[in-house]
Enquirer: 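Attaching a single structure in structure tokens format; questions to follow.
Every value quoted in this text rests on a predicted model; they were computed, and no experiment measured them. Lettering follows sequence order; numbering is per chain, from 1.
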2 protein chains.
Amino acid sequence: MIRVLLADDEHLIRGAMAALLALEDDLTVSAQAATGAETLSMARALHPDVAIIDLQLPDMDGVRVAEVLHRELPTCRTMIVTSHGLPGHLRRALAAGVRGFLPKTAAAEVLATVIRTVAAGGRYVDPQLAAEAISAGDSPLTTRETDVLTLAATGAPIDEIARRASLSPGTVRNYLSAAAGKLGAANRHEAARRAREQGWI
Amino acid sequence: MIRVLLADDEHLIRGAMAALLALEDDLTVSAQAATGAETLSMARALHPDVAIIDLQLPDMDGVRVAEVLHRELPTCRTMIVTSHGLPGHLRRALAAGVRGFLPKTAAAEVLATVIRTVAAGGRYVDPQLAAEAISAGDSPLTTRETDVLTLAATGAPIDEIARRASLSPGTVRNYLSAAAGKLGAANRHEAARRAREQGWI
DNA sequence: GGCCGTTTATGACAGATGTCACCGATGCGT
DNA sequence: ACGCATCGGTGACATCTGTCATAAACGGCC
């Protein structure tokens, strides 16, 4: 029997997925969590075979949860389920030791199959998403460019970005100009949008 | 027996919700759709009692689907399920004749209850969301201000917005300035973000 | 040691943007 | 008929933003 931990902040979806998995004889949902912290404490207590983690959790990123899980409980395989299948997320997830990556647009039937694959030590990545991730390539932005662009994404004026990043306004403008150039955007706002679409910020 | 049509572009979620509803004796999922067009044609063919429609569908807005359904098949009650429970969406949905509005964060147990309530001619709105919608009030933006701000939300420069809206650049700036003023934003990008958070664009 | 990329910064310039005053046209309610 | 909000526009001004040249400090790599 494969023991599964389900982590998703959307109760309705979590409950529905639990109902879906209950139909399988060899799977059992032994715990459900709504936040990253909850996921970690439950996993530590129950040692599930597979943790299915939503990418968007209220307190922390699903990939970071997987990272900690991978370090603390190497026997617990992790997989990510997400609404927004962005190339950058997949890259980060694989780097964090995630064994399965499934967009919520995937067919309902594959979920159980992937859980079994992952539990057996295999890997599974949605084929279409994998293709996109490969063709999209890696983020061309440096660490600081990413930081600054992330702050810029809220729509804040340069002075505020500078204050929040503890940089001079001039430096902020330089980074944003560089980022916009790399992303082929006419201004920082379009740059932020493009970076978001790729999952780079 | 209440016959339900499930519309959600996320296959996995749709299947999971179907599994959840299959546990109820008095409910049956008689059709599933992934797009707005599919939803309409299936509803026309099968005349379900309740249509559960996701707000985000690839081809058209869930509320617009509900609107058409309400006009063409008055006997089919509609309810909206959504990941992002924004006040503005709730307002639009209720204006379109939607009888139930449920964020996906709602408890899994309430779904069946709400379906029964709606099927019986009642209404149900998530209490927390209702409170937010009331406190947030209506959009202060005029039609054109909303149009222009929507175009501005992509991060495009003013000239492009002007071209796409068939307006002079000066007029666009006036509208955006007015919108930013009304929303208490320092610039159009922050204004766009705030309007999005309220579900106004 | 020298080269290269990254981080941080400054100064200068052109162009984009936000703001305001003001204008006319349209349409709606009373 | 009048007022009022909305729509569309122009012009002027100050400020914000994007771009570029330039440079010092730091770390990694050959």
Side-chain angles (χ1 to χ4, degrees), chain A residues 88 91-92 95 136-201, chain B residues 88 91-92 95 136-201:
Chain A
R91 287 179 171 269
R92 281 183 43 236
D138 222 342
S139 169
L141 305 177
T142 69
T143 315
R144 282 310 254 168
E145 282 165 3
T146 305
D147 290 348
V148 174
L149 193 56
T150 305
L151 289 172
T154 63
I158 298 243
D159 287 340
E160 198 187 316
I161 301 172
R163 256 182 291 117
R164 289 217 257 166
S166 304
L167 288 175
S168 91
T171 305
V172 170
R173 285 197 281 159
N174 286 340
Y175 281 146
L176 291 175
S177 181
K182 286 178 181 177
L183 301 178
N187 56 52
R188 65 207 157 96
H189 305 288
E190 196 188 330
R193 190 178 52 80
R194 296 204 177 180
R196 221 181 342 231
E197 279 171 7
Q198 297 290 331
W200 289 337
I201 62 172
Chain B
R91 288 179 170 269
R92 282 183 43 237
D138 221 340
S139 169
L141 305 177
T142 69
T143 316
R144 280 316 250 168
E145 282 165 3
T146 305
D147 290 349
V148 174
L149 193 57
T150 305
L151 289 172
T154 63
I158 297 242
D159 286 340
E160 197 187 317
I161 301 171
R163 256 182 292 117
R164 289 217 258 166
S166 304
L167 288 174
S168 91
T171 305
V172 169
R173 285 198 282 160
N174 285 341
Y175 281 145
L176 290 175
S177 181
K182 286 177 181 177
L183 300 178
N187 56 51
R188 65 206 158 95
H189 306 287
E190 195 188 331
R193 190 179 52 81
R194 295 204 178 181
R196 223 184 336 235
E197 279 171 7
Q198 297 290 329
W200 289 337
I201 62 171

Enquirer: Considering non-hydrogen atoms only, spot the tightest contact between A:A191 and A:A180 and give its length.
Expert: CB-CA, 4.0 Å

Enquirer: Which heavy atom of B:A153 sits nearest to which heavy atom of B:I201, and what is that distance?
Expert: CB-CD1, 4.1 Å

Enquirer: Keeping B:T150 on the side-chain end and B:T146 on the backbone end, is there a donor-acceptor pair under 3.5 Å?
Expert: yes

Enquirer: D:dC16 C1' sits how many Å from A:R163 CZ, rounded?
Expert: 15 Å

Enquirer: Report the distance from atom CG of B:L176 to atom C1' of C:dT17, rounded to the nearest whole Å.
Expert: 10 Å

Enquirer: To the nearest angstrom, how far is A:I158 atom CD1 from D:dT19 atom P?
Expert: 11 Å

Enquirer: Please state how far atom CG in B:D159 lies from atom P in C:dT17, giving the value in whole angstrom units.
Expert: 7 Å

Enquirer: Any sub-3.5 Å donor-acceptor pair from B:K182's side-chain atoms to B:P140's backbone N or O?
Expert: yes

Enquirer: Taking B:L167's backbone N and O only, do any of them form a donor-acceptor pair with B:T171's side chain (distance below 3.5 Å, no angle check)?
Expert: no

Enquirer: Kindly write out the residues that satisfy salt bridge (Lys or Arg N to Asp or Glu O under 4.0 Å) with B:R91, not counting sequence neighbours, or none if the list is empty.
Expert: B:D138

Enquirer: How about A:W200 and A:L183: do any of their side-chain heavy atoms sit closer than 4.5 Å?
Expert: yes

Enquirer: Tell me which pairs pass side-chain hydrogen bond (donor to acceptor under 3.5 Å, both in side chains) where either residue lies in residues 183-193 of chain B, with sequence neighbours left out.
Expert: A:H189-B:H189, B:E190-B:R194, B:R193-B:E197

Enquirer: Any protein N or O atoms within reach of nucleotides 5-7 of chain C? Criterion: under 3.5 Å, listing atom names and distances.
Expert:
unit_1: C:dT7; atom_1: OP1; unit_2: A:R144; atom_2: N; d: 3.3
unit_1: C:dT7; atom_1: OP2; unit_2: A:T142; atom_2: OG1; d: 2.5

Enquirer: So, does B:R188 get its side chain near the phosphate of C:dG18, meaning an N or O under 4.0 Å from OP1 or OP2?
Expert: yes

Enquirer: Rounded to 10°, tell me the angle between the two end axes of the helix from C:dG1-D:dC30 to C:dT30-D:dA1, each built from five pairs.
Expert: 40°

Enquirer: Between A:L149 and A:A195, which heavy-atom pair has the shortest distance, and what is it?
Expert: CD2-CB, 3.8 Å

Enquirer: Between B:E160 (CD) and C:dA16 (P), how many Å, whole number?
Expert: 13 Å

Enquirer: Pick out the pairs of N or O atoms, protein on one side and nucleotides 20-22 of chain C on the other, that lie under 3.5 Å.
Expert:
unit_1: C:dC20; atom_1: N4; unit_2: B:N174; atom_2: OD1; d: 2.8

Enquirer: Whole angstroms only, please: what is the CZ-P distance between B:R173 and D:dT17?
Expert: 15 Å

Enquirer: Specify the separation, in whole Å, of atom NE2 of A:H189 and atom C1' of D:dG18.
Expert: 11 Å

Enquirer: Suppose we screen for salt bridge (Lys or Arg N to Asp or Glu O under 4.0 Å). Which residues come up paired with A:R164, at least two apart in sequence or across chains?
Expert: A:E160

Enquirer: Considering non-hydrogen atoms only, spot the tightest contact between A:P169 and A:I158 and give its length.
Expert: O-CG2, 3.8 Å

Enquirer: Measure CD1/A:I161 against P/D:dG18 and give the value in whole Å, please.
Expert: 9 Å

